[in-house]
2 protein chains.
Amino acid sequence: MSVIPNGGPATACGLRRFPKLSQIAGDLMDDLEASCHIQHFSAGQVVVEAGDAPDFVACVQSGYLRLQKTLADGRRHIVGLLVEGDLFGRVFDAPIQFTIEAATDAEVCCFQRRTFEDILLRSPELERSLMLNILSELDRARDWMTILSCHKITGRLAGFLLILCSRFRAVDHVVRVDGECLDVLVPISRPDLAHLLGTRRESVSRAFHALEDEGMIDILRPDLIRVRDVEGLAAEAGDEELAGRVALLQSTRNLSRKA
Amino acid sequence: MSVIPNGGPATACGLRRFPKLSQIAGDLMDDLEASCHIQHFSAGQVVVEAGDAPDFVACVQSGYLRLQKTLADGRRHIVGLLVEGDLFGRVFDAPIQFTIEAATDAEVCCFQRRTFEDILLRSPELERSLMLNILSELDRARDWMTILSCHKITGRLAGFLLILCSRFRAVDHVVRVDGECLDVLVPISRPDLAHLLGTRRESVSRAFHALEDEGMIDILRPDLIRVRDVEGLAAEAGDEELAGRVALLQSTRNLSRKA
DNA sequence: CGGTATTTTGAGTATCGTCAAGGCCAGTGG
DNA sequence: CCACTGGCCTTGACGATACTCAAAATACCG
């Protein structure tokens, strides 16, 4: 993977990848890297059970984890996705409230909870980065809420696609093709997507094809979507702010491609 | 208000009320209290505009603030409520992503952002408390998401009522009456509640009366609900965990009443 | 090339959103 | 003290949308 800026395979845990964590004192980073170990999960495996108080803090290396809750009637609801670079596991105390499962095969970098906390106490910068991380996570959760508030499923799906474009851009599934189009790899299955959007797989399918009929997207494969009309999707989602974020992404991409 | 354990009106800002903050070194607390000032807002007033980077961190003293986003078509969506003891305003950097408005008349205790950050850097305990606070906020946001995922409005309303019972119990609107019943004061108007649940006021109204017809609640006044059947509500919401939290509340209340 | 899992489509029903009208309560002014 | 007015909540009727169940089509894998 050429994505990793510093350190090759020898740097087992990818913490240095974090832009926000990259300024941390070298010795602290060394301690962190020394205390970590990589763990592999295959799709569908449970990483942490809801209610547990796991003894580690972890960082996703590759793949997708889903944050979910199983409801009384057996249905599960997905409240978020964790991707490359996301942290999970609770620092200090408090149990995990949601089950974490691997949505795809995934690699996770684990730190002993005690060790992590010790390092945290020694480094206000790290603690601060962590806090900012959690704050942005909070905003993301509220973005999901905004999406869920949309009455029409097409609107929710439109919002989801835009979030995928803007937030998960760093990861390798938004493949920029040319001036107007973005190819998005939808990382989860239809049933999972349905649970995330608070609906059923049939409705998700219909919504995809409705957006295609409107000319806003092309369905290249069930899991590969070409976004043709960002503004249209934003209008459908009722949230023009999302369009702004994607536009930002596009200009950034253009710049980096020129460089 | 007899609610405040330590200090009367002389302790202008109610920070000491926080159970989690009460263990902080006295001088730090003094500094905090010295740097704060109370601000009043009347219902409907804007506290912070989305996109702003306000120069203060604040703590709600009384009343309700709503965290909301105005969508392209002019409708607004509410993503959360802030009550007595909740903190808002972003520490360190990053702008506020949602508009904050007073839902009722409210008092807010403001700290100079710089001052607050300085004190934060001097006190790992305070920073840690703040982090735990944000983490629980994150869980709350995900609870809202779970509620929003319910297809039937009655289910969402049931979930809302249970959250009101469990999370907002410390504030003075869950009035315990006797063994089986809880009287809940719904703090926001029907339109606001509709925006919070992602629906319309008419549907909210119908849902209230549907739950009443099922015998799960009594509508004493439009804004005063008697909860008769916690289990039933939890089943309607599809989330038995919520019932557990309310049960916990009930037993706690019973104990404290005996004492 | 066959078998399985996933996705898609179709038909019927339930639920919700919309528009419009009616009721309830509080505050105002006679 | 009572009628009036305005805001909010409620109710009713109708159309739009999504959910359910069932079956077909497609993609995936060996």
Side-chain angles (χ1 to χ4, degrees), chain A residues 42-44 71 73-77 103-105 147-161 185-214 217-225 236-238, chain B residues 42-44 66 71 73-77 103-105 147-161 184-214 217-225 236-238:
Chain A
S42 43
L71 301 180
D73 52 14
R75 290 185 335 221
R76 69 177 174 220
H77 180 233
T104 62
D105 290 353
I147 287 181
L148 281 179
S149 80
C150 205
H151 309 125
K152 293 178 65 177
I153 305 291
T154 49
R156 293 189 209 173
L157 181 59
F160 170 79
L161 288 173
L185 195 61
V186 178
I188 54 176
S189 68
R190 288 285 187 277
D192 275 357
L193 185 49
H195 286 127
L196 191 57
L197 299 181
T199 183
R200 305 288 165 185
R201 58 172 171 282
E202 295 94 333
S203 298
V204 172
S205 180
R206 286 186 242 269
F208 265 118
H209 289 275
L211 290 179
E212 187 175 41
D213 293 346
E214 298 284 328
I217 63 170
D218 290 340
I219 306 172
L220 304 181
R221 284 201 319 261
D223 64 335
L224 184 63
I225 304 300
E236 191 73 35
Chain B
S42 42
R66 43 175 193 247
L71 301 181
D73 53 13
R75 290 185 335 221
R76 68 177 175 221
H77 181 235
T104 63
D105 290 352
I147 287 182
L148 282 179
S149 80
C150 205
H151 308 125
K152 292 178 63 177
I153 305 290
T154 51
R156 294 189 209 173
L157 182 58
F160 170 78
L161 288 173
V184 187
L185 194 61
V186 179
I188 55 175
S189 67
R190 288 285 187 280
D192 275 357
L193 185 49
H195 287 125
L196 192 55
L197 300 181
T199 182
R200 305 289 164 181
R201 57 171 171 282
E202 295 94 332
S203 299
V204 171
S205 181
R206 286 186 243 269
F208 265 118
H209 290 274
L211 290 179
E212 188 174 41
D213 293 346
E214 298 283 329
I217 63 171
D218 290 340
I219 306 172
L220 305 180
R221 283 200 318 262
D223 63 336
L224 184 63
I225 304 300
E236 190 74 34

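We name chains A, B, ... by the order of the sequence lines, and we start the count at 1 in each one.
- The distance from atom CZ of A/Arg221 to atom C1' of C/dT8 is 17 Å, rounded to the nearest whole Å.
- For A/Thr154 and B/Val204, each mapped to the nucleotide of DNA chain D holding its nearest heavy atom, the one lying further toward the 5' end belongs to B/Val204.
- Nearest nucleotide to the side chain of B/His209, out of C/dG17, D/dT10, C/dC16: D/dT10.
- Panel note: side chain A/Glu212, backbone A/Ile219; a donor-acceptor pair is recorded below 3.5 Å.
- Per the geometry, CD1 belonging to A/Ile225 stands 12 Å off C1' belonging to C/dT7, to the nearest Å.
- Judged by distance alone, with hydrogens and angles left aside, the side-chain atoms of B/Asp105 form no donor-acceptor pair with the main-chain N or O of B/Ser42 at under 3.5 Å.
- The 5' end of DNA chain C is approached more closely, in terms of each residue's nearest nucleotide, by A/Pro222 than by the other of A/Pro222 and B/Thr199.
- Residue A/Lys152 places its side chain closer to D/dA18 than to any other of C/dT7, D/dC28, D/dA18.
- Side-chain proximity of B/Glu202 to D/dC9, C/dT18, C/dC16: nearest is C/dT18.
- Out of C/dT8, D/dT20, C/dC19, the shortest distance to the side chain of A/Ser205 is found at C/dT8.
- One can place CD1 of A/Ile153 at 15 Å from P of C/dT8, the figure rounded to the nearest angstrom.
- No salt bridge links A/Asp213 with A/Arg206; every basic N to acidic carboxylate O contact stays at or beyond 4.0 Å.
- Taking atom CG of B/Asp223 as the reference point, atom P of C/dC25 lies 12 Å away to the nearest angstrom.
- Comparing A/His151 and B/Ile219 against DNA chain D, the residue whose closest nucleotide sits nearer the 5' end is B/Ile219.
- Across D/dC9, D/dT20, C/dC16, the shortest atom-to-atom separation from the side chain of A/Arg200 is found for D/dT20.
- The CZ atom of A/Phe208 sits 15 Å away from the P atom of D/dA18 (whole-angstrom rounding).
- Remark: A/Ser203 is in phosphate contact with D/dC19, judged by side-chain N or O atoms under 4.0 Å from OP1 or OP2.
- One N or O donor and one acceptor, one from the side chain of B/Arg206 and one from the base of D/dG12, sit under 3.5 Å apart.
- When all heavy atoms are compared, the tightest approach of A/His77 to A/His195 is CD2-O, 2.8 Å.
- Remark: C1' of C/dT8 and CG of A/Asp213 are 13 Å apart, rounded to the nearest angstrom.
- Side chain of B/Arg190 to main chain of B/Pro222: a donor-acceptor pair is present (N/O by atom type, distance under 3.5 Å, no hydrogens or angles).
- Regarding A/Arg201, its CZ atom lies at a distance of 17 Å from the P atom of D/dA24, rounded to whole Å.
- One interatomic measurement links the two molecules: CZ of A/Arg190 to C1' of D/dA25, which rounds to 14 Å at whole-angstrom precision.
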